[in-house]
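In this chain, numbering begins with 1 at the start of the sequence shown.
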Amino acid sequence: MSKCRADCKNKIDLELQDKLFTNYWSMKNYNKRVSYISGLITSSNKKTQTKKECTPEKQKNRVKVYHYSVPKDGILISVCKICFLKIFGETAKFTRTICSKKVDSPVSRCTPDKRGRAEPRNKITVDVLKCVIDHINQLPAYESHYCRQETSKKYLPPYFTLQLAYNEYIKTVENPVSRSIYIKYFKLSGLKVKNPKKDTCSCCDRLKIQINNTICSNEQKTILINQQTLHHAEAEEAFNSKRNDISTSTENTCVIAFDLQQCLPTPSLESSVAFYKRQLWTYNFTVHNTFTSKAVCYIWNETIAKRGANDIGSSLFHYLKSLSLDISHVIMYSDCCPGQNKNSIIIAMCIYFLENQDKIKTIDHTFMVPGHTRMECATLTTPALKKLVNVILSL
């Protein structure tokens, strides 16, 4: 608090200032604050008035003089306006509005704030909003099979866009809301107009269909539910095994996850004519190091090599040779594809690699449950990779 002619600094100490400030803002109500400040401001008629004949436009026709005070030990202590505002943390406009209301009031009191009490004429009724929410809840949404543990969002089919959803809503009601309001409640619903691009587990799909079948008896449902629970438990056990290996990995232990991305048509064209032509397929084998969070992509097209066990084994053999000399233990995670990962050729490659070098002593290969892989190496987006492939082939 700065010095002033009223010597407010000596009248109101810092402890009292903090107490007044805290008690004032603990009210948490606009009308209570106005009533409290109004009781601390008094007014009196102006005793003298100086007329400025040379500059009449600057003449101030103020009639009232306002006095500000704060409570101390049961009495009101007069302070200046600047100190008064600093004590309570209010603005000059706030107090000016209170003073003008007191002058206009016949009883010198501020009336409660009337803003926000009257409903706007264009307010949307509850029934209209209920129709919007009901229509959104009836949209053909589905959960992402692999992302259920990561998010609770639901997805619409790829062909079902937001504009199409709004067009369907307009057909069902007489007085539809605007598109912006529809989008607002659409976002609040947790739906996403996006295809997660992750296939589902065939075992889970089969069990779900059999459980929901009306012909299925209660005993058969119990058996199927137990199989479903066991299947999910095995998948979760595989996830926990990978998490434990990643969390306990050191500079001497390397935990990698590898997978072959789905075939990429090259070049990537949106023309309908290209759909009926025989396209060149490009393969991307990605190896992800969970310790360094770096990935290596082995990219080739079908004119160079195929996508069998020999090709996967060659790429994996090259990656193992490039590892640091400090690594003595390698833990590999992959899916159960028999033509690429889970076969004797990959096992033979690992044995051959261990026999022809001295730095790596042990290689552990763990297979995830089919349909529940969620590999880290699948985070590279297809559009970015397609663009990369087109650049490589243009060189």
Using a 6.0 Å cut-off, check whether atom [atom1] of [X] has over 12 heavy atoms from anything other than its own residue.
X	atom1	answer
Lys32	NZ	no
Asn218	CG	no
Glu234	CD	yes
Gln163	CD	yes
Lys221	NZ	yes
Lys359	NZ	yes

Which pair of non-hydrogen atoms, one from Leu354 and one from Thr362, has the smallest distance, and what is that distance? CD2-N, 4.3 Å
Is there a side-chain contact between [X] and [Y], using heavy atoms and a 4.5 Å cut-off?
X	Y	answer
Trp300	Thr282	no
Tyr169	Val173	yes
Asn284	Leu260	no
Ser189	Ile136	yes
Phe258	Val296	no
Asn252	Ile327	no
Val369	Phe239	no
Asn45	Lys64	yes

Flag the pair [X] and [Y] as a salt bridge only when some basic side-chain nitrogen lies within less than 4.0 angstrom of an acidic carboxylate oxygen.
X	Y	result
Asp7	Lys11	no
Glu302	Arg307	no
Arg243	Glu236	yes

Starting from [Y], can I reach [X] by hopping between I/L/V/M/F/W/Y residues whose side chains sit under 4.5 Å apart?
X	Y	result
Val177	Ile133	yes
Val287	Val330	yes
Leu188	Val126	no
Ile98	Leu76	yes
Tyr68	Leu40	yes

Counting N and O atoms only, with roles assigned by atom type, does the side chain of [X] sit under 3.5 Å from a partner on the main chain of [Y], one being a donor and the other an acceptor?
X	Y	answer
Ser241	Ala238	no
Ser334	Asn341	no
Gln357	Ile360	yes
Ser38	Ser35	no
Asn226	Thr222	yes
Thr229	Ile225	yes
Asp127	Lys130	no
Lys102	Ile41	yes
Asn356	Tyr352	yes
Asp311	Gly308	yes

Let me see the working for Met349 and Leu320 under side chain to side chain contact (heavy atoms under 4.5 Å, CB included), right down to the final yes or no. CA-CA 11 Å; Met349 182 276 298; Leu320 293 175; 4.3 Å; yes
Report the relative orientation of the aromatic rings in [X] and [Y]; use parallel for angles under 30°, tilted for 30 to 60°, perpendicular for over 60°.
X	Y	value
Phe94	Tyr30	perpendicular
Tyr298	Phe285	tilted
Phe88	Tyr24	perpendicular
Phe317	Phe353	perpendicular
His231	His372	perpendicular
Trp25	Phe21	tilted

Check step by step if side chain to side chain contact (heavy atoms under 4.5 Å, CB included) holds for Tyr283 and Asn301. CA-CA 6 Å; Tyr283 309 120; Asn301 59 63; over 6 Å; no
Test of understanding: with ring-ring contact (aromatic ring centres under 6.0 Å, His included), list the residues that count as partners of Phe291, not counting sequence neighbours. none
Only counting residues at least two apart or in another chain, list the ones meeting ring-ring contact (aromatic ring centres under 6.0 Å, His included) with Tyr66. none
In Å and rounded to the nearest 0.5 Å, what is the NZ to NZ distance from Lys72 to Lys19? 12.0 Å
Audit row: His288, Thr290, side chain to side chain contact (heavy atoms under 4.5 Å, CB included) steps and yes/no: CA-CA 6 Å; His288 182 270; Thr290 59; 3.9 Å; yes
Stepwise side chain to side chain contact (heavy atoms under 4.5 Å, CB included) check, Arg33 with Glu90: CA-CA 10 Å; Arg33 286 166 45 213; Glu90 287 290 2; 2.7 Å; yes
